[in-house]
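Working notes, structure below.
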Amino acid sequence: MKIEVTLPDGSVRQYEEGATAMDVARSISEGLARNVLSAKVNGEVRDAERPLPGKCELQLLTWNDPEGRSTMWHSSAHLMAEALEALYPGIKFGIGPPIEHGFYYDVDLGDRVITDKDFPAIEAKMKELAAKKSAYVRSEVPKAEAIEYFSEKGDEYKLELIEGLQDGEITFYQQGDFVDLCRGPHIPDTSYIKAVKVLSIAGAYWRGDENRKQLTRVYGITYPKQKELDAFLAMIEEARKRDHRKLGRELDLFTFSEKVGAGLPLWLPKGAALRERLINFMKAAQEKDGYEQVVTPHIGGRQLYVTSGHWEKYGKDSFRPITTPHDGEEFLLKPMNCPHHCEIYASRPRSYKDLPLRLAEFGTVYRYEQSGELHGLTRVRGFTQDDAHLFCRPDQVKDEFIKVIDLVLKVIKALDLGDFEAQISLRDKVDRSKYIGSESNWEKAEQAIIDAAKEKGLPTVVEYGEAAFYGPKLDFMIKDALGRKWQLGTIQVDYNLPERFELEYVGSDNLKHRPVMIHRAPFGSLERFVAVLIEHHAGRFPLWLTPEQAILLPISDKYLDACLDIARSLKDSDIRASVDERNEKIGRKIRDAELARIPFMLIIGEKEAEQGTVSVREHGQGDLGPMSPQAFADLVNERVKVQLGGL
RNA sequence: GCCUUUGUAGCUCAGGGGUAGAGCACUUCCUUGGUAAGGAAGAGGUCAGGGGUUCAAUUCCCCUCAAAGGCUCCA
């Protein structure tokens, strides 16, 4: 009896019954077999050495497949657990899954404490155990037997996990002396793990519940080759160098003050000017799309948020209301701009001919974030959104949505953000209690987003349960230069607020209708956006945005006046340039300008002064040779024009 | 908010129960130098803030604030 196996390329091969994915790999090539970590059988990832279930579709997974890497890292978590148990007998184990980069294992160390000084010993033990080439052996275990095993071992965490499982679906995996409750799958044996690094430790609550015991979470990563591990560690190092908190200080963009308060950034002149350029860019783009700027106060009466629903939903987790001294009137720092904008809409009767009404505001909002959550500019308590609300007729939703998508794409291009993915966030498929608004409105909104994304041909991924409580969203997740994902622009359809604020317009039928609202913020928040720009570009902003486009470097102070003259003329051509007036040698001035990431250095000495030229050196590139100041200005302005795409 | 760790000059960091150290940055002077660090001198700190123990605390203990990593959360 033969079984038929269909491979991803569509080819069909015949194997003996009981053949494994590894047998299939070997029949193709020995080299492939050596690299197979696990296999996807009819869509399910399984051990490579488990017999195939019969006729099936098979994909062999190697290190090049995300699922292959996950298998490897999952097995590595077991290896690390084995090492930890060998080093610290009697410790108990929580869970140990693979994650995006590597894996972790939550352990209860009892009275023991481990620190990063212990990492080398753990790594050495892992390598020693890996070299034994122990197979990962799967076994199906009756529930009673599983309970008995972990009762004897005294591991209450595993026992709790087993309690939640049905008899008959419990499997153990064993490698070497280490036995673990595990669904699998795993790599064939430990020898695939060649390069090992324990990365960090942190506290983590058992089952994510802050009322339960805190375990020690040990993070690690492994690779099949040392070279790949080295590259990963180099990437971590690069990320550390690009950290916006460090670069923000070095580039004089922003700072924080204990007295002002945590999570409340102070923008320095250079950072504020950079923000202004971003704002002006967005205003120009929005003007073309028919937006109108509005301005609203930083606070709003409590009733405004009762009407919007935010009070009920977030009142407990907001800054406390501020009150007037005598009458006790309550106001909230605004956590969003939309309620204010709704009131602008409601300030007079609207006709269907007025729609869409596009109200834009760079509105600063304040949200209480837990102190442990604050992080540089990416998680703050006060931030400015490039917010706008589009009030439109139901038949205009899709077109408006598409125009917003185009705007976001313009931003991505002008700021050289590269790869992105559009995440469509819909309701949780099961639990609908956390959402407000009618079923039919939700369905309409979700469909409008799906249609618009499809029509623009965006690379999309759908996430259930990620929607806002008032409506579905389309979030742009950009991938930065180091491959990290960030959520930036967001577009959200909202059928709910217009209802709560009883917004209306008079239709062509002379009847009252309810408008649909689209919330959108292409940058998201300026704070977060600038943080991502800093890290993505490693502080080397696009020329149009960067604080200083050029610096003039006199060879000696004999040429200082010439430099000051040229700086003035460049300013007339809209170039941001300064002069290094310090009494230093040219090598030093160049070094400091390179470190300050200034795109162009203009060197002026005897030769240039005579010829009326500047010698241009480009950051990171080197000497471009001499040219006239005007030619340089044209060069810069031309590049800026291309970057801005005609805005 | 919770857990762990940390807080010494503008920055990066050393030190340690007995009046505080380095490098870089800064100021002044010398040097006028051609594509990534010229030389010298000087100034700069209530050792995060508050309380306690001690003859004596920057150092040990407690509290508060802030930061780092993680957990939970994120309109």
Side-chain angles (χ1 to χ4, degrees), chain A residues 104 106 113-116 199-219 240 243 245-246 249-250 252 255-263 305 308-315 317-318 334-339 365-376 378-381 385 387 434 436 466-471 473 487 490 492 494 496-497 519 521 525 528 553-560 582-596 601-608 615-626:
Chain A
Y104 65 79
D106 285 346
V113 177
I114 59 176
T115 70
D116 49 11
L199 294 170
S200 60
I201 43 172
Y205 301 108
W206 171 233
R207 313 207 104 173
D209 182 344
E210 62 184 280
N211 298 311
R212 307 201 61 182
K213 184 158 184 180
Q214 182 139 22
L215 307 179
T216 302
R217 177 166 296 180
V218 186
Y219 287 88
R240 203 181 59 76
D243 191 315
R245 293 165 298 181
K246 177 174 164 329
R249 187 170 47 232
E250 285 176 16
D252 292 323
T255 187
F256 288 91
S257 149
E258 268 190 40
K259 287 202 186 74
V260 172
Y305 301 101
S308 72
H310 292 105
W311 177 255
E312 191 197 352
K313 184 87 181 172
Y314 292 102
D317 293 317
S318 298
K334 72 174 170 189
M336 303 198 74
N337 302 300
C338 31
V365 297
Y366 300 89
R367 296 178 185 176
Y368 169 74
E369 301 286 356
Q370 297 187 78
S371 59
E373 283 315 314
L374 303 172
H375 181 92
T378 59
R379 197 73 185 273
V380 290
R381 284 176 170 170
Q385 296 176 309
D387 210 359
K434 50 189 169 179
I436 56 181
E466 291 293 311
F469 76 92
Y470 53 77
K473 333 185 259 184
Q487 188 207 308
T490 175
Q492 315 181 353
D494 185 354
N496 178 60
L497 272 189
H519 309 243
S525 94
R528 189 182 167 77
L553 310 179
I555 293 288
S556 77
D557 40 9
K558 277 184 237 159
Y559 311 103
L560 188 52
R582 294 175 308 164
N583 180 3
E584 288 292 347
K585 289 193 183 179
I586 193 66
R588 178 54 180 276
K589 292 175 185 174
I590 286 170
R591 176 184 155 81
D592 288 347
E594 287 279 351
L595 291 176
M601 285 147 269
L602 307 180
I603 294 156
I604 289 121
E606 189 180 357
K607 194 174 66 192
E608 292 80 4
S615 282
V616 180
R617 179 188 163 104
E618 185 168 2
H619 175 84
Q621 304 290 316
D623 200 351
L624 300 186

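Just so we're on the same page: letters track the sequence lines, and every chain starts at 1.
Residue-environment remark: CD (A/E312) stays at or below the threshold of 12 foreign heavy atoms within 6.0 Å. Remark: A/Q487 CD is packed, more than 12 non-hydrogen atoms of other residues, nucleotides or ligands lying under 6.0 Å away.
Among the heavy atoms of the strands, none lies under 4.0 Å from A/E250. Residue A/E608 is in base contact, counting any heavy-atom pair closer than 4.0 Å across all strands shown. Here A/I586 lies in heavy-atom contact (under 4.0 Å) with sugar-phosphate atoms only. Residue-level contact check: A/S308 touches neither bases nor backbone, having no heavy atom under 4.0 Å from any strand. Residue A/K589 is out of contact with every strand shown, counting any heavy-atom pair closer than 4.0 Å.
Atom pair A/R617:CZ and B/U35:C1' shows a separation of 5 Å (rounding to whole Å applied). Atoms CG (A/D106) and C1' (B/C3) sit 12 Å apart, rounded to a whole Å. Taking atom CZ on A/R240 and atom P on B/U12, their separation rounds to 11 Å, with Å as the unit. To the nearest angstrom, P of B/U72 lies 17 Å from CG of A/D317. Nucleotide B/A36 holds its C1' atom 12 Å from the CZ atom of A/R582, rounded to whole Å. Distance A/E618 CD to B/A36 P: 15 Å, rounded to the nearest Å. Taking atom CH2 of residue A/W206 and atom C1' of nucleotide B/C3, one finds them 17 Å apart after rounding to whole Å. In this structure, CG of A/L497 is placed 14 Å from P of B/A75, rounded to the nearest angstrom.
The shortest distance between side-chain heavy atoms of A/R381 and A/R367 does not fall below 4.5 Å. Proximity of A/I590 to A/I603: side-chain heavy atoms (C-beta onward) are separated by under 4.5 Å at one or more points. For the pair A/L553/A/R617, no side-chain contact is recorded, criterion being any heavy-atom separation below 4.5 Å from C-beta on. Within the 4.5 Å cutoff, no side-chain heavy atoms of A/I555 are placed close to those of A/E606.
Contact check, A/R245 against B/C11: no side-chain N or O comes under 4.0 Å of OP1 or OP2. Considering only side-chain N and O atoms, A/R217 lies under 4.0 angstrom from the phosphate OP1 or OP2 of B/C71. Between B/U72 and A/Y205, no contact under 4.0 Å exists linking OP1 or OP2 to a side-chain N or O. The shortest distance between the side-chain N/O atoms of A/R207 and the OP1/OP2 oxygens of B/U72 is not below 4.0 Å. At least one side-chain nitrogen or oxygen of A/S371 sits closer than 4.0 Å to the OP1 or OP2 atom of B/G1. For B/A36, the OP1/OP2 oxygens have no side-chain nitrogen or oxygen of A/H619 closer than 4.0 Å. Between A/Y219 and B/C71, a side-chain N or O to OP1/OP2 separation shorter than 4.0 Å is present.
B/G44 sits 14 Å from B/A22 when the P atoms are compared, rounded to a whole Å. The gap from the P atom of B/A9 to that of B/U5 amounts to 23 Å, rounded to the nearest Å. With both ends at atom P, the span from B/A67 to B/U8 equals 14 Å, rounded to whole Å. Using atom P as the reference point in both B/U58 and B/A20, the two lie 10 Å apart (nearest Å). Here the separation of B/A48 from B/G39, taken at their P atoms, is 33 Å to the nearest Å. Between the P atoms of B/C60 and B/G17, the separation comes to 8 Å (whole Å). Taking the C1' atoms as reference points, B/U59 lies 27 Å from B/C24, given to the whole Å. Spacing between B/G7 and B/U46 at atom C1', rounded to whole Å, works out to 16 Å.
Pairing of B/U28, defined by two Watson-Crick or G-U wobble distances under 3.5 Å, is identified with B/A40. When both pairing distances are held under 3.5 Å, B/U35 makes no Watson-Crick or G-U pair with any nucleotide shown. B/G45 is unpaired under the criterion used here, namely a Watson-Crick or G-U wobble arrangement in which both key atom distances are under 3.5 Å. Across all strands shown, B/G21 pairs with B/C13; the Watson-Crick or G-U wobble distances both stay below 3.5 Å. Pair assignment for B/G7: B/C65, on the basis of Watson-Crick or G-U wobble contacts that are both within less than 3.5 Å. Across all strands shown, B/C74 has no partner, as no Watson-Crick or G-U wobble contact with both distances under 3.5 Å is found.
With rounding to the nearest 0.5 angstrom, the CD1 atom of A/I201 is 13.0 Å from the CG atom of A/L215. Here A/E584 contributes atom CD and A/D557 contributes atom CG; the two are 11.5 Å apart, rounded to the nearest 0.5 Å. We find the NZ-CD1 distance between A/K558 and A/I604 to be 15.0 Å, quoted to the nearest 0.5 Å.
A donor-acceptor pair under 3.5 Å is formed between the side chain of A/E608 and the backbone N or O of A/G605.
Side chain A/R249 to base B/C11: no donor-acceptor pair is found below 3.5 Å. Remark: the A/E373 side chain and the B/C2 base include no donor-acceptor N/O pair separated by less than 3.5 Å.
Residues A/Y366 and A/I604 both approach RNA chain B. Their nearest nucleotides, taken by heavy-atom distance, put A/I604 toward the 5′ side. Along RNA chain B, the nucleotide nearest to A/D623 and the one nearest to A/H375 differ in position, and the one closer to the 5' end is contacted by A/D623.
Counting all heavy atoms, side chain and backbone alike, A/P554 lies closest to A/K589 at O-NZ, 2.9 Å.
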Using a cut-off of 4.0 Å between protein heavy atoms and nucleotide atoms, how would you tag nucleotides 39-49 of chain B 5' to 3' with B, S and -? -----------

